[in-house]
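In the text below, chain A, chain B and the rest are named by the order of the sequence lines, each starting its count at 1.
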There are 2 protein chains.
Amino acid sequence: MKPNSESGSKRVKTVAGAGQGTIGKSSGNKEMLESCGIKLTRQRLDLLEQLKKADGPITAEQLFLNLREEAAAISLSTVYRILDAFELKGLVEKVVSADENKAIYELNRHEHGHHLICTQCKVRMTITGCPLAGYEEALARSTNYRITGHRLEVYGLCPKCQSELGML
Amino acid sequence: MKPNSESGSKRVKTVAGAGQGTIGKSSGNKEMLESCGIKLTRQRLDLLEQLKKADGPITAEQLFLNLREEAAAISLSTVYRILDAFELKGLVEKVVSADENKAIYELNRHEHGHHLICTQCKVRMTITGCPLAGYEEALARSTNYRITGHRLEVYGLCPKCQSELGML
DNA sequence: ATGCAAATGCGAATGATTCGCAACTAAAAT
DNA sequence: ATTTTAGTTGCGAATCATTCGCATTTGCAT
């Protein structure tokens with residue numbers, strides 16, 4: 001996919017300021033960023049808004065495309081940079097999936113959870129709660145490692161794909 | 001890293017056959033491949049040998065470099081292709097790690113396990129056994145997914161790094 | 001020995017992410 | 001309100017692991 005090669009916009013220079021009044025669509029965002037110590041920017045507000053709309057795991061490029069559809073001026077590199085910044089401040093969680101070669105981002109719910117991924121249609125749902133509660137301590141004892149975290153992805157067939165595949 | 005740009009070998013053409021007699025260093029390999037229905041090739045035997053030597057998770061490029069050191073003629077693309085083939089036949093397991101942007105391969109032990117990775121020095125140890133035994137069924141019931149698998153990585157500090165970091 | 005499908009080498013292509021740098025902008029200082 | 005300044009953005013080029021195309025070579029059955 002070559003996301004830059006659509007929507008004829010070449011240089012945005014003079015056009016770039018097009019959204020001065022647009023700042024703060026959903027007003028919580030402004031405070032949200034400020035409380036994280038993140039400088040306010042039209043792009044950052046737009047991206048945050050978009051993350052909320054997505055309401056779930058989403059890829060950097062999809063965020064970029066969604067923003068473009070709404071005529072929000074932003075570049076793909078900026079999307080990546082902002083996502084990095086957000087992650088650093090704990091605003092978003094970045095997940096590197098094993099079966100896709102791209103990173104997935106989602107607003108940090110601040111509750112530990114994992115993804116359940118349909119191997120057919122690739123939808124992911126976030127499952128909260130974690131089966132590894134006691135396990136880490138046991139592992140620490142048996143290995144002498146100091147356990148600091150883990151990553152778990154569960155794969156399966158979602159109900160829809162199960163029926164579409166004829167309950168094989 | 002640009003692995004092709006070392007060890008002056010440009011074209012291997014005439015040199016390529018250099019290992020006709022070399023087939024079967026460690027004699028189990030031949031049978032191992034045959035029983036998997038994999039065509040015998042000098043490169044495949046060499047790579048399998050190398051996987052055994054590595055005795056643990058290793059990256060495609062490292063395998064390639066190791067082979068080069070032993071003067072085994074092979075190209076990086078072939079390493080990838082063979083690893084794919086081996087994976088398809090269940091000979092190796094491919095692991096896409098979350099904190100490194102490269103794939104890791106290891107001989108398939110045919111016993112379910114996961115990796116414990118030191119976040120400092122990146123060593124990985126394979127931990128056999130799995131804490132998700134009952135969990136998958138429960139999850140299947142509560143989500144109506146048909147669970148088919150999972151991927152788990154545990155992170156921590158290995159004993160060595162703990163002491164080197166002064167038990168922070 | 002001979003032929004053909006499969007495997008290999010090489011370099012070029014891909015695709016996600018990052019980087020460099022000049023143009024911009026938010027917010028601090030005046 | 002204007003200037004300053006440090007941080008941000010856009011753009012295209014660079015990176016890096018992995019894959020592909022295609023001409024050449026090889027394993028192996030006939």
Inset, instruction - Figure out the CD1/C1' separation between A:I104 and C:dT17, and round it to whole Å. - result: 14 Å
Inset, instruction - Mind checking the CG-CZ spacing from A:L48 to A:F86? Nearest 0.5 Å is all I need. - result: 5.0 Å
Inset, instruction - May I have all residue pairs that pass side-chain hydrogen bond (donor to acceptor under 3.5 Å, both in side chains) and include part of residues 79-88 of chain B, sequence neighbours excluded? - result: none
Inset, instruction - Examine the base of D:dG10 for any acceptor or donor lying under 3.5 Å from a partner atom in the side chain of A:R81, and report the outcome as yes or no. - result: yes
Legend entry - 5' precedence on DNA chain D between B:A60 and A:I38 (nearest-nucleotide basis): A:I38
Legend entry - Separation of atom CG in B:L40 from atom P in D:dA29, rounded to whole Å: 10 Å
Inset, instruction - Would you mind classifying the nucleic acid contact of B:A103 as base, sugar-phosphate or nothing, using non-hydrogen atoms under 4.0 angstrom? - result: sugar-phosphate
Inset, instruction - Take the protein atom CG of B:L45 and the nucleotide atom C1' of C:dT8, then report the distance between them rounded to whole Å. - result: 15 Å
Legend entry - Distance in angstrom units between B:L76 CG and D:dC16 C1', rounded: 11 Å
Legend entry - Divergence of helical axes at both termini of the helix from C:dA1-D:dT30 to C:dT30-D:dA1 - five pairs an end, 10° steps: 20°
Legend entry - side-chain hydrogen bond (donor to acceptor under 3.5 Å, both in side chains) involving B:Y155 - partner list, sequence neighbours excluded: A:R151, B:E153
Inset, instruction - Identify which nucleotide among C:dA16, C:dT8, D:dT8 has an atom closest to any side-chain atom of A:T41, counting heavy atoms from C-beta outward. - result: D:dT8
Inset, instruction - Taking only Lys NZ, Arg NE, NH1 and NH2, and the carboxylate oxygens of Asp or Glu, determine whether B:E70 and B:K53 approach each other closer than 4.0 Å. - result: yes
Inset, instruction - Kindly give the cluster partners of A:I104, where membership spreads through any ILVMFWY side chain lying under 4.5 Å from a current member. - result: A:V95
Legend entry - Distance in angstrom units between A:I58 CD1 and C:dA16 P, rounded: 14 Å
Inset, instruction - Please figure out whether B:Y80 or A:I74 has its closest DNA chain D nucleotide nearer the 5' end. - result: A:I74
Inset, instruction - Could you work out which one of C:dT8, D:dT19, C:dT18 sits closest to the side chain of B:S77? - result: D:dT19
Legend entry - Output field: ring centroids B:H112/B:H114 closer than 6.0 Å: yes
Inset, instruction - Using the test salt bridge (Lys or Arg N to Asp or Glu O under 4.0 Å), find all partners of A:R109 that sit at least two apart in sequence or belong to another chain. - result: A:E106
Between protein and nucleic acid, restricted to nucleotides 1-6 of chain C and to nitrogen or oxygen atoms under 3.5 Å apart, what atom pairs and distances do you find?
unit_1: C:dA6; atom_1: O4'; unit_2: B:K39; atom_2: NZ; d: 3.3

